[in-house]
Asker: 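My questions all concern the structure below.
Every number for a ligand or one of its atoms is a count from 1 in the order of the listing. Scope of the values below: all heavy atoms of this structure, side chains included, with no hydrogens, waters or symmetry mates.
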Amino acid sequence: MATLDGLPPLREVIQAHDLVAKKALGQNFLLDMNLTAKIARMAGDLTACDVLEVGPGPGGLTRGLLIEGARRVLAIEKDPRCIAALEEISAVYPNRLSVLNADALTVDAGALLTSPIRVIANLPYNVGTELLIRWLSPAIWPPFWQSLTLMFQKEVAERIVARPKTDHYGRLALLAQWRCDAKIVMHLPPEAFTPAPKVHSAVVHLTRLEQPRFAADFGILQRITAMAFNQRRKMLRSSLKGLHPNIEIMLTACDIPPTARAEEISLEQFCALSRSFAAV
Ligand code: SAM
């Protein structure tokens, strides 16, 4: 069957390069090019952007990004078996695709690309959350990227966009929503992947805010939310008591009932509490 870019269909690429999926590398490939182009479109207009893709595998999403007009793509892939297949794509798009055979956790990708930069990836499940936390926690904000369009297990996606008083609400929601607008833009069943994983997946689109949504010191906010959610069933006067001898007074001054539990507290309230700790 003819493809939009004239390259072989992904099943043939996988066969030709003997890319038997490795579970240890989180390899669940997307082989439907309509779907990969749709994910690329979820990130917005790419024509004036550099794109960082982590884990291109046989290149289904990479090809979608290039078909959708990405100015330049840097694709970082840990599995050396995929590199020859990716170089074939690079040959069809001169100067638009750079392939790096490396562990994405060890690469300072922002230094290798030109702004504006979007990160778009079907992330390996084993390092997806760690990469997201790193992208949301740089020493200086705003970060090198403008938006993140990322495939996660559905449960992780729900933790990123969760609201207070829901089961998935926790530190990941607070971190993501403090610094970004975050929404789920697509749901995918296991059968969309080869091989099919056990769980459903979802694509989350995060757009950075130029300033965090509410003023707070990052380190203090992290410390408070870690203590609060590490014992999420406990009342805050108990889970946070190690922070300050007068924790009940501090909570009350921020309009937070000392008997409330972490999952009932909004991002705005956690930021207010962080500011009062910064002041003591
Ligand atoms: N993008 C492809 C697709 O959508 O079909 C493959 C996605 S697959 C879920 C994840 C990819 O990430 C695999 O190709 C895997 O080899 C790669 N990978 C795993 N760990 C990695 C790491 N630490 N750095 C870079 N790539 C990694």
Asker: Between the main-chain N or O of Gln222 and the side-chain N or O of Thr225, is there a donor-acceptor pair closer than 3.5 Å?
Answerer: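 Yes, the answer is positive, given that a donor and an acceptor are paired below the 3.5 Å cut-off.
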Asker: In terms of residue, atom name and distance, what is the protein heavy atom nearest to atom 13 (C) of ligand 1?
Answerer: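 Checked against all protein heavy atoms, atom 13 (C) of ligand 1 sits closest to Gln27 CG, 3.6 Å.
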Asker: Around atom 16 (O) of ligand 1, find the nearest protein heavy atom and jot down its residue, atom name and distance.
Answerer: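 The protein heavy atom lying closest is Glu77 OE2, 2.6 Å.
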Asker: Between Asp103, Asn122, Val107, flag the one that comes closest to atom 23 (N) of ligand 1 by a heavy atom.
Answerer: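 Nearest option to atom 23 (N) of ligand 1, by heavy atoms: Asp103.
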Asker: Hey, which atoms in ligand 1 end up nearer than 4.0 Å to a heavy atom of Gly57?
Answerer: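 Close to Gly57: 14 (O).
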Asker: Which residue and non-hydrogen atom of the protein lie closest to atom 19 (C) of ligand 1, and at what distance in Å?
Answerer: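 Nearest protein contact, heavy atoms only, for atom 19 (C) of ligand 1 is Leu25 O, 3.2 Å.
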Asker: Can you give me every donor-acceptor pair (side chain of residues 49-64, partner residue at least two apart or in another chain, under 3.5 Å) with its distance?
Answerer:
from  : atom 1 : to     : atom 2 : distance (Å)
Asp50 : OD1    : Arg71  : NE     : 2.9
Asp50 : OD1    : Arg71  : NH2    : 3.2
Asp50 : OD2    : Thr114 : N      : 2.8
Glu53 : OE1    : Thr62  : OG1    : 2.6
Arg63 : NE     : Asp5   : OD2    : 2.8
Arg63 : NH1    : Pro8   : O      : 2.9
Arg63 : NH2    : Asp5   : OD1    : 3.1
Arg63 : NH2    : Leu7   : O      : 3.4
Arg63 : NH2    : Pro8   : O      : 3.1

Asker: Let me check something: any side-chain donor-acceptor pairs from residues 152-168 under 3.5 Å, sequence neighbours excluded? List them with distances.
Answerer:
from   : atom 1 : to     : atom 2 : distance (Å)
Arg163 : NH1    : Gln177 : OE1    : 3.0
Thr166 : OG1    : Arg163 : O      : 2.6

Asker: Among protein heavy atoms, which lies nearest atom 1 (N) of ligand 1, and at what distance?
Answerer: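 Closest protein heavy atom to atom 1 (N) of ligand 1: Gly55 O, 2.7 Å.
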Asker: Using a 3.5 Å distance criterion without hydrogens, assess whether the side chain of Arg81 forms a donor-acceptor pair with backbone atoms of His17.
Answerer: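 Flag not set: sc Arg81 to bb His17 has no pair under 3.5 Å.
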Asker: Check each heavy atom of Glu53 against ligand 1 and say whether those closer than 4.0 Å belong to the side chain, the backbone, both or neither.
Answerer: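 Near ligand 1, Glu53 shows its side chain, while the N, CA, C and O stay back.
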Asker: Looking at Ala215, is its backbone amide N or carbonyl O close enough to the side chain of Arg275 to form a donor-acceptor pair, meaning the two atoms are under 3.5 Å apart?
Answerer: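 A pair under 3.5 Å: yes.
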Asker: Before signing off on this row, confirm whether Asp79 and ligand 1 have an N or O atom pair separated by under 3.5 Å.
Answerer: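 No: no nitrogen or oxygen of Asp79 is under 3.5 Å from one in ligand 1.
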Asker: Identify the closest protein heavy atom to atom 26 (N) of ligand 1: which residue and atom is it, and at what distance?
Answerer: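 It is Lys78 N, 3.3 Å.
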Asker: So does Ile249 get a backbone contact from the side chain of Asn246, meaning a donor-acceptor N/O pair under 3.5 Å?
Answerer: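 The answer is no, because no donor-acceptor pair under 3.5 Å joins these two groups.
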Asker: Which ligand 1 atoms does Ile76 reach within 4.0 Å, using its non-hydrogen atoms?
Answerer: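 So the atoms of ligand 1 that pass are 25 (C), 26 (N).
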Asker: Polar contacts were defined as any N/O atom of the residue lying under 3.5 Å from an N/O atom of the ligand; does this apply to Cys82 and ligand 1?
Answerer: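 The answer is no, given that Cys82 and ligand 1 share no N or O pair closer than 3.5 Å.
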Asker: So do Arg213 and Arg179 actually touch side chain to side chain, heavy atoms under 4.5 Å?
Answerer: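 With C-beta onward as the side chain, the pair stays apart.
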Asker: Please work out whether any backbone atom (N, CA, C, O) or any side-chain heavy atom from C-beta onward of Asn28 is under 4.0 Å from ligand 1, and answer side chain, backbone, both or neither.
Answerer: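 Contact part for Asn28 vs ligand 1: backbone (N, CA, C, O).
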Asker: Non-hydrogen atoms of Gly59 versus ligand 1: any pair closer than 4.0 Å?
Answerer: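 It does not, in that no heavy atom of Gly59 comes within the 4.0 Å cut-off of ligand 1.
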Asker: Compute the shortest N/O to N/O distance between Pro124 and ligand 1 and return yes if it is under 3.5 Å, no if not.
Answerer: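 Pro124 vs ligand 1: no N/O contact under 3.5 Å.
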Asker: Does Leu105 reach ligand 1, in the sense of a heavy atom lying below 4.0 Å from it?
Answerer: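 Distance cut 4.0 Å: Leu105 fails for ligand 1.
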Asker: Given Pro197, Ala104, Gly26, Ala24, identify the one with the heavy atom nearest to atom 8 (S) of ligand 1.
Answerer: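 Answer by nearest heavy atom: Gly26.
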Asker: Quick one: look up the protein heavy atom nearest atom 2 (C) of ligand 1 and list residue, atom name and how far away it is.
Answerer: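 Minimum-distance protein heavy atom for atom 2 (C) of ligand 1 reads Pro56 O, 3.3 Å.
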Asker: Measuring only between side-chain heavy atoms, which start at C-beta, is Ser90 closer than 4.5 Å to Glu87?
Answerer: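 In short, these two side chains touch, coming nearer than 4.5 Å.
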Asker: Parallel, tilted or perpendicular for Phe218 and Trp178, by the 30°/60° rule?
Answerer: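 The rings of Phe218 and Trp178 lie parallel, inter-plane angle below 30°.
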Asker: Report yes if some heavy atom in the side chain of Ser239 is under 4.5 Å from a heavy atom in the side chain of Asn230; otherwise report no.
Answerer: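 A side-chain contact under 4.5 Å is absent here.
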Asker: Indicate, as side chain, backbone, both or neither, the part of Ala121 found under 4.0 angstrom from ligand 1 when only non-hydrogen atoms are considered.
Answerer: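 No part of Ala121 is near ligand 1 at this cut-off.
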Asker: Among protein heavy atoms, which sits nearest to atom 5 (O) of ligand 1, and what does the distance come to when rounded to 0.1 Å?
Answerer: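 That would be Leu30 N, 2.8 Å.
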Asker: For Ala102, counting its heavy atoms only, list the atoms of ligand 1 lying under 4.0 Å from any of them.
Answerer: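 Within the 4.0 Å cut-off of Ala102, ligand 1 contributes 24 (N), 25 (C).
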Asker: Taking the side chain as every heavy atom from C-beta outward, state whether Leu31 and Ile14 have any atom pair closer than 4.5 Å.
Answerer: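 Of all side-chain heavy-atom pairs linking Ile14 with Leu31, at least one is under 4.5 Å.
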Asker: Is Lys241 paired with Glu248 through a side-chain N to carboxylate O contact shorter than 4.0 Å?
Answerer: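 Salt bridge absent between Glu248 and Lys241.
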